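Treat the numbers as computed from the prediction; the structure is a model and nothing was measured. Chain identifiers are assigned alphabetically (A, B, ...) following the order of the sequence lines, protein sequences preceding nucleic acid strands; residue numbering begins at 1 within each chain.
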Amino acid sequence: MVTTQKIIERAMEYRGSKSVLYTVKEQRVDGSWQGDERPCLRYTLMDFERNYQLRVLSNPRSRHIHTKSTSIPLQTLTPFFVTGITDAEGCFSVGISKHKQLRTGWCVKPVFSITLHERDEALLKQLLSFFGKGGIFRHGPTTLQVRFESKNALWAVVKHFDKYPLISQKQADYLLWKKAVELFSDKEHLTLAGLFEVVALRASINWGLPPRLRKAFPLIASKIRPEVKKPVVPNPEWMAGFISGEGCFIVEILENKEMRLGYSVKIKFNIPQHKRDIILLQVLNEYLGGGGNFHQAKNRDVMEFRFQDFSIIDEQIVPFIRSFPIQGMKIHDFNDWCQAIDIVRRKGHLTPEGLAEIQKLEEGMNTGRKEKK
DNA sequence: GCGCCTCCACTTTTTCGACCTCTCCGG
DNA sequence: CCCGGAGAGGTCGAAAAAGTGGAGGCG
Ligand SMILES: [Mg+2]
């Protein structure tokens, strides 16, 4: 049996920071995570303002995504968190499109981006401030995208991911993408030989070559995707980042005639992920203390890593996330979920009052949440 | 003004998130 | 048998992932 204490302790080993240990102790005593000395967060208003120019977007669809100088200071994310959320939501892509003005006839554009619902604009700004360069742009009717595509921004991105590597299969995409960035940086993409090299790389990144590029470069052999070694969670902040991206906190009230009230309550924690990363999910299970189960629907590519056992959720998952908080609006769903867990723990869900309370929580979280801000 | 770069809006595809249901187990 | 819970089977739709291209600026 793995205790909460054990999980936290093991998690702490990765951190190697006395102040963090102290903070955890503090949290255990008074249950509060407030306070300025929280070691994983630093104030970097100056950096942020220097690098994030004010913009007025021409498109009327765009909401203003600039901050004013009077805005509250932004807290920077930790490097491990940034890698974790990138393993979840990041995209390393190499654009190749026709361009008459260019000598090769083709325009090469490496991009690192993260797309999120506009409700998480604050998180995107934190990402922007973390790398210091780049921009946030309107993506769709309800989504925004933080993008890094200038050479300066790209260098900052490469510097980070070399020092704090991804642990999912996305690492293979990153490694190939980085080569394209180097070619781009050295202006080799402006020669035919360099262009061909970029195309070969692109052929093995993400979705590979689309038909139009296959046709245009029929003779180019794609690069071999680098092997990614067995993942090791580098730091609990990585988990916080990954869960912020892919985690799913679920409260379900189900009709059940067996139950005295006619309903049963189910608490779940899910992490879905493409089946190519099943080993990563198994590693996460170990890391979180075990007890999760795996499910893959027939003919589907998504493996779902699930916790459905109440005491495991209550004793392993909740304490972990409380110790290494997730970021973004999902935190509110986590908080509501925890409230439901409190009720279930004291068997309140077996009383009409408790059940009603849980129903109210359930209706207001996730897709039911009203204020998206 | 050529050649190239950056910013930004926008599109396309799918991997997520979130939700639903049934069976079976055990105290 | 009663009651409560856990695992395992799914589905749905959009927030992710991934990608395109043009305007405009600059050496
Ligand atoms: Mg993902």
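- Looking at heavy atoms from C-beta onward, A/Ile343 lies in side-chain contact with A/Leu361 at the 4.5 angstrom threshold.
- Against DNA chain B, the stretch residues 171-188 of chain A makes heavy-atom approaches under 4.0 Å through A/Phe184, A/Lys187.
- Straight-line distance from the NZ atom of A/Lys100 to the C1' atom of B/dC4: 17 Å, rounded to whole Å.
- Contact check on A/Lys109 versus A/Glu149 returns no salt bridge, with no Lys/Arg side-chain nitrogen under 4.0 Å from an Asp/Glu carboxylate oxygen.
- For A/Phe294, the ring-ring contact (aromatic ring centres under 6.0 Å, His included) test picks out A/Phe305, with sequence neighbours left out.
- Side-chain contact between A/Tyr174 and A/Val158 is present, with heavy atoms from C-beta onward closer than 4.5 Å.
- When heavy atoms are screened at a 4.0 angstrom cut-off, A/His274 is found touching the sugar-phosphate backbone but no base atom.
- A/Leu190 and A/Leu154 are assigned to two separate hydrophobic clusters, defined by single-linkage of ILVMFWY side chains at heavy-atom distances under 4.5 Å.
- Annotation: side chain to side chain donor-acceptor pair (under 3.5 Å) contacts of A/Ser244 (sequence neighbours excluded): none.
- Side chains of A/Ile167 and A/Val232 form no contact here, defined as non-hydrogen atoms less than 4.5 Å apart.
- For A/Gln273, no side-chain nitrogen or oxygen approaches OP1 or OP2 of B/dT15 to under 4.0 Å.
- Checked for salt-bridge contact, A/Lys330 and A/Asp333 miss the test: no charged N lies under 4.0 Å from a carboxylate O.
- The distance between atom CG of A/Leu154 and atom P of B/dC7, rounded to the nearest whole Å, is 11 Å.
- Per the geometry, CZ belonging to A/Phe334 stands 18 Å off P belonging to B/dG17, to the nearest Å.
- When DNA chain C is scanned in the 5' to 3' direction for atoms under 4.0 Å from non-hydrogen atoms of chain A, the outermost contacting nucleotides are C/dC3 to C/dG22.
- Through chains of ILVMFWY side-chain contacts below 4.5 Å, A/Met259 is grouped with A/Leu350.
- Residues A/Gln145 and A/Gln101 both approach DNA chain B. Their nearest nucleotides, taken by heavy-atom distance, put A/Gln101 toward the 5′ side.
- Regarding A/Asp301, its CG atom lies at a distance of 15 Å from the P atom of B/dG17, rounded to whole Å.
- In terms of position along DNA chain C, the nucleotide closest to A/Lys257 lies nearer the 5' end than the nucleotide closest to the other residue of the pair A/Asn293 and A/Lys257.
- In this structure, A/Glu149 reaches the bases: a heavy-atom distance under 4.0 Å links it to at least one base atom across the strands shown.
- Remark: A/Lys223 engages A/Glu197 in a salt bridge (Lys or Arg N to Asp or Glu O under 4.0 Å) (not counting sequence neighbours).
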Practice task
Under the side-chain hydrogen bond (donor to acceptor under 3.5 Å, both in side chains) rule, what do A/Gln145 and A/Thr115 come out as? Steps first, then yes or no, please.
Solution key: CA-CA 4 Å; A/Gln145 190 173 55; A/Thr115 305; 3.0 Å; yes
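- For A/Glu188, the salt bridge (Lys or Arg N to Asp or Glu O under 4.0 Å) criterion is met by no residue, not counting sequence neighbours.
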If you restrict it to nitrogen or oxygen atoms, what contacts under 3.5 Å exist between nucleotides 19-26 of chain B and the protein, and what is each distance?
| from | atom 1 | to | atom 2 | distance (Å) |
| --- | --- | --- | --- | --- |
| B/dC19 | OP1 | A/Thr367 | OG1 | 2.4 |
| B/dC19 | OP2 | A/Asn366 | ND2 | 3.1 |
| B/dC20 | N4 | A/Lys268 | NZ | 2.9 |

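- Ring orientation note: the planes of A/Phe242 and A/Trp238 are close to parallel, at an angle under 30° on the 30°/60° scale.
- A/Asp277 places its CG atom 14 Å from the P atom of B/dG17, with the value rounded to the nearest Å.
- For A/Lys275, the salt bridge (Lys or Arg N to Asp or Glu O under 4.0 Å) partners two or more places apart in sequence, or in a different chain, are A/Asp301.
- Sorted by residue number, the members of residues 189-198 of chain A with any non-hydrogen atom under 4.0 Å from DNA chain B read A/His189, A/Leu190.
- Rounded to an integer number of Å, the gap from A/Trp207 CH2 to B/dT14 P is 6 Å.
- Counting only heavy atoms from C-beta on, A/Lys330 has its side chain closest to B/dA18 among B/dT11, B/dC4, B/dA18.
- The distance between the ring centers of A/Trp106 and A/Phe217 falls below 6.0 angstrom.
- A/Lys275 comes within contact range of no nucleotide atom at all, as no heavy-atom separation falls under 4.0 Å.
- If you check residues 103-114 of chain A against DNA chain B, the residues with a heavy atom closer than 4.0 Å are A/Arg103, A/Lys109, listed by number.
- Legend: residues meeting ring-ring contact (aromatic ring centres under 6.0 Å, His included) with A/Phe148, ordered by chain and number and at least two apart, are A/Phe112, A/Phe131.
- If you measure from atom CG of A/Leu116 to atom P of B/dT15, you get 18 Å, rounded to the nearest angstrom.
- Each of A/Ala297 and A/Ser244 was assigned the nucleotide of DNA chain C with the nearest heavy atom; the assignment lying further toward the 5' end belongs to A/Ala297.
- At least one side-chain heavy atom of A/Thr83 sits less than 4.5 Å from a side-chain heavy atom of A/His160.
- Residue A/Arg202 is classed as a sugar-phosphate contact, given heavy-atom separations below 4.0 Å to backbone atoms only.
- A/Ser264 comes within 4.0 angstrom of nothing in the nucleic acid, heavy atoms only.
- Atom CG of A/Leu102 is separated from atom C1' of B/dG1 by 14 Å (rounded to the nearest Å).
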